[in-house]
There are 2 protein chains.
Amino acid sequence: MRLAELSKQSGVSTATIKYYLREGLLAPGERISATQAEYDESHLRRLRLVRALIQVGRLPVATAREVLAHVDDESLGRTIRLGAALWSLPHGPEPDEDAPETESARHEVDRLLDRLGWAFVQELGSLDPTYRSLVASMATLIRLGYACDIEYLTEQARLMEQVAVRDLDMMESYPAGAEQVEMAVASVVLHEPLLLSLRRLAQEEESNRRYGL
Amino acid sequence: MRLAELSKQSGVSTATIKYYLREGLLAPGERISATQAEYDESHLRRLRLVRALIQVGRLPVATAREVLAHVDDESLGRTIRLGAALWSLPHGPEPDEDAPETESARHEVDRLLDRLGWAFVQELGSLDPTYRSLVASMATLIRLGYACDIEYLTEQARLMEQVAVRDLDMMESYPAGAEQVEMAVASVVLHEPLLLSLRRLAQEEESNRRYGL
DNA sequence: TCATGTTGGAGAGTGCGGCTATCCAATGAT
DNA sequence: ATCATTGGATAGCCGCACTCTCCAACATGA
């Protein structure tokens, strides 16, 4: 199919597709002649993933490119490739080293990881962007006076651990291949809004149960 | 304290504070004279909350104003006020009614709610923005061919239900008052990045456990 | 064959959101 | 008396995600 057809199938305007091509989010089509290129199903699938990452996952275009580059990197094994892709996913703001709360937040997080027994993450420490963004979130809560106690955090973390176990089970149930890494990325990024929606719905339901309308 | 002092205490530039005042995110200070106003602790606390909502919670300024207006609305009872505030929080993109996947996504979500026994949410249906954004997320996953089975969804939802129960427990443990509604908003919005960070850390930990480095 | 429309490519332009800079008259500090 | 500071208003800036315009090379129907 040519550009116009790709646009029709995906519901993305040709101008935007050209933009994605320029930005390297989408591989160029196979050149048929000096001024024409042919696209196939793989382009359509990739285009839909790009849209999902950007619109649902709210990734900046530059970040999406980075993530997709890791997904496509055939030189790496499945696990590493997945790790690399997830590593480059966006994280909240970085901790503000100048703020006095950051130190106590870091301490709190370390204490939490210790309780949880998450030795691998603990070892990575500040190298892990996820760890840093967790510290930043904690610091903000402390600064606002909404610091949550460690019991609550531990319980929530245990629940998220169970969520993660099911995530990985699901990934394993898919056949290996390029699509599996895509699947994994989709699972991490696209399930986030889904999980948050479920949390809010559960809050509404529970709130109604406790306090009525 | 005056504007410059408020700026120093909060780490927010005076220009930005003026901007928030203009946008109605922050109540004007008490007028001391024709050209001066006095701010107090409550302004500082509110300013920090505003920053948190915008920077950590990534709320657009207009949405933050709406949420804060509900928080401040003294004419409503605690539960309603909280509900109204949460209702105006941002949600993912709206479902695309033209797309054929939306219908099956809605069906899937309804089946899920039925299994979960979330009657209150089920009754609200499409009126609830959270419900609509859940449908939109599901539709995207279906369209990408990453539809997840209902067993997996049910399990994840049950876990989020436990998260929500602990959220409400925590809110109850705070003393009632204006701060409690702020607390609730903060809990919903600011704990979201925290929970997602915990999920990713748990995924890293579990992934290392299963596949090694 | 030739008129008409389509294609891929490239650069400039657009709209929006969140600030930021400039200016001003009134004021407060010394 | 002087001079920086204040609150307030307006206009400008920046980054980002597109979107528009133009162009020469092609494809295609009459």
Side-chain angles (χ1 to χ4, degrees), chain A residues 1-40 43-44 46-68 90 92-93 96 189, chain B residues 1-40 43-44 46-68 89-90 92-93 189:
Chain A
M1 75 188 93
R2 294 203 288 293
L3 213 167
E5 179 66 15
L6 185 63
S7 165
K8 200 174 295 176
Q9 295 263 340
S10 63
V12 179
S13 77
T14 61
T16 301
I17 295 177
K18 288 179 182 183
Y19 168 66
Y20 290 159
L21 285 166
R22 249 177 295 152
E23 292 296 316
L25 297 182
L26 204 57
E30 198 188 343
R31 297 299 297 268
I32 291 256
S33 74
T35 63
Q36 305 215 255
E38 182 78 11
Y39 303 91
D40 58 25
H43 289 92
L44 185 55
R46 169 54 55 94
L47 180 53
R48 288 211 261 243
L49 181 60
V50 166
R51 284 254 104 178
L53 289 178
I54 290 175
Q55 294 200 324
V56 183
R58 304 193 160 182
L59 270 65
V61 165
T63 308
R65 174 176 46 229
E66 215 175 318
V67 171
L68 292 171
D96 177 2
V189 177
Chain B
M1 75 190 92
R2 295 205 285 295
L3 213 171
E5 178 65 15
L6 185 63
S7 165
K8 200 174 295 177
Q9 296 262 342
S10 63
V12 180
S13 76
T14 60
T16 301
I17 295 177
K18 288 181 183 182
Y19 168 64
Y20 290 159
L21 285 167
R22 246 177 295 145
E23 293 296 317
L25 297 182
L26 204 56
E30 198 189 343
R31 296 299 298 266
I32 291 257
S33 74
T35 64
Q36 304 214 257
E38 181 79 9
Y39 303 92
D40 58 24
H43 289 93
L44 185 55
R46 170 54 57 95
L47 180 54
R48 287 212 260 244
L49 180 60
V50 166
R51 283 254 106 177
L53 289 178
I54 289 176
Q55 294 200 325
V56 183
R58 294 176 174 198
L59 270 65
V61 166
T63 308
R65 173 175 46 230
E66 215 175 318
V67 172
L68 293 170
L89 283 176
V189 176

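Because only heavy atoms are used, hydrogens play no part in the values below, and waters and symmetry mates are left out as well, while side chains stay in. All values reported here derive from a predicted model rather than from experimental measurement. Note on naming: letters A, B, ... go to the chains in the order of the sequence lines (proteins, then strands), and numbering restarts at 1 for each one.
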Quick one: Ile32(A) CD1 to dT28(D) C1', roughly how many Å, whole number? 16 Å

Please report the end-to-end axis angle for the helix from dT1(C)-dA30(D) to dT30(C)-dA1(D), five pairs per end, rounded to 10 degrees. 10°

Nearest atoms (heavy-atom pairs only) where Ala64(B) meets Leu25(B): C-CD2, 4.0 Å

note: Leu6(A), atom CG; dT7(C), atom C1'; distance rounded to Å ~ 14 Å

State, yes or no, whether a side-chain contact exists between Arg46(A) and Leu68(A) at a heavy-atom distance under 4.5 Å. yes

Give a yes/no on whether any side-chain N or O of Thr16(A) is located under 4.0 angstrom from OP1 or OP2 of dA17(D). no

Whether each nucleotide of nucleotides 2-12 of chain D has a protein heavy atom under 4.0 Å at its base (B), only at its sugar-phosphate (S) or at neither (-) is summarised, 5' to 3', as ----SBB-B--

Is there a side-chain contact between Glu38(B) and Arg2(B) (heavy atoms, below 4.5 Å)? yes

For Arg65(B), enumerate each residue passing the salt bridge (charged side-chain N to carboxylate O under 4.0 Å, His left out) test, keeping only those at least two apart in sequence or located in another chain. Glu23(B)

Minimal heavy-atom distance between Thr14(A) and Ala4(A), with the atoms involved, is CG2-CA, 4.2 Å

Can you establish whether the number of heavy atoms outside Glu30(B) located under 6.0 Å from its atom CD is more than 12? no

Output yes when at least one side-chain N/O atom of Tyr20(A) is less than 4.0 Å from OP1 or OP2 of dC18(D), else no. yes

Residues in side-chain contact (heavy atoms from CB on, under 4.5 Å) contact with Leu21(A), at least two apart in sequence or another chain: Ile17(A), Leu26(A), Tyr39(A)

Can you give me every donor-acceptor pair (side chain of residues 55-63 of chain B, partner residue at least two apart or in another chain, under 3.5 Å) with its distance?
none

CD of Glu23(A) versus P of dC16(D): gap in Å, rounded? 10 Å

Proximity to DNA chain C (any heavy atom under 4.0 Å), residues of residues 51-68 of chain B only: Arg51(B), Ile54(B), Pro60(B), Val61(B)

